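Okay, so here's the structure we're looking at.
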Amino acid sequence: MEYQPDYKQEYREELEKVQDRDFTHSWVSSSAFIFYLSVFCLLSFALGACYHLYTERYEGKPDVAVPESTYYTPKYK
């Protein structure tokens, strides 16, 4: 009797190897990747917003006439 390879077993082993390395079939590695990606996106968004606020800040003193009746010690006429 001649040896006949078990193609189904070889196929299953090869499929398991591919699925172990595949991102979509490994819940643990995909969840960690999504977590770190979301942390990176959140931090980059926050730093970008802070930088934008820093570059668009107001650098002068407003030249506004304040009525004397609104001072801490108001002056009435």
Side-chain angles (χ1 to χ4, degrees):
M1 182 171 185
E2 237 180 79
Y3 173 73
Q4 293 182 358
D6 185 14
Y7 292 112
K8 288 183 180 180
Q9 181 65 24
E10 288 180 19
Y11 176 74
R12 268 190 239 114
E13 290 173 1
E14 192 65 30
L15 185 63
E16 285 178 10
K17 285 182 192 176
V18 170
Q19 285 180 348
D20 286 342
R21 287 182 258 136
D22 190 12
F23 172 77
T24 58
H25 286 88
S26 177
W27 182 84
V28 176
S29 64
S30 62
S31 63
F33 174 75
I34 291 172
F35 172 75
Y36 288 121
L37 181 67
S38 63
V39 168
F40 173 76
C41 290
L42 184 66
L43 285 176
S44 62
F45 179 77
L47 289 175
C50 290
Y51 177 75
H52 181 69
L53 287 173
Y54 177 75
T55 58
E56 298 292 325
R57 69 187 186 277
Y58 184 72
E59 295 181 356
K61 184 176 180 183
D63 188 23
V64 178
V66 179
E68 292 181 348
S69 63
T70 60
Y71 288 162
Y72 182 72
T73 54
K75 299 178 184 173
Y76 296 108
K77 294 182 181 180

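As the structure is a prediction and not an experimental result, all values here were calculated from the model.
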Practice item. Mind checking the OG1-NZ spacing from T73 to K75? Nearest 0.5 Å is all I need. Key: 7.0 Å
Check your understanding: Atom CG of L47 and atom CG of L42: how far apart are they, to the nearest 0.5 Å?
Key -> 9.5 Å
Review point. Within a reach of under 6.0 Å around OH of Y36, are more than 12 heavy atoms found that belong to other residues, nucleotides or ligands?
Key: no
Practice item. Please report the closest heavy-atom contact between Y72 and P74, naming both atoms and the distance. Key: O-CD, 3.4 Å
Practice item. Answer with yes or no whether the hydrophobic clustering places L43 together with F35; edges join I, L, V, M, F, W, Y residues whose side-chain heavy atoms lie under 4.5 Å apart. Key: yes
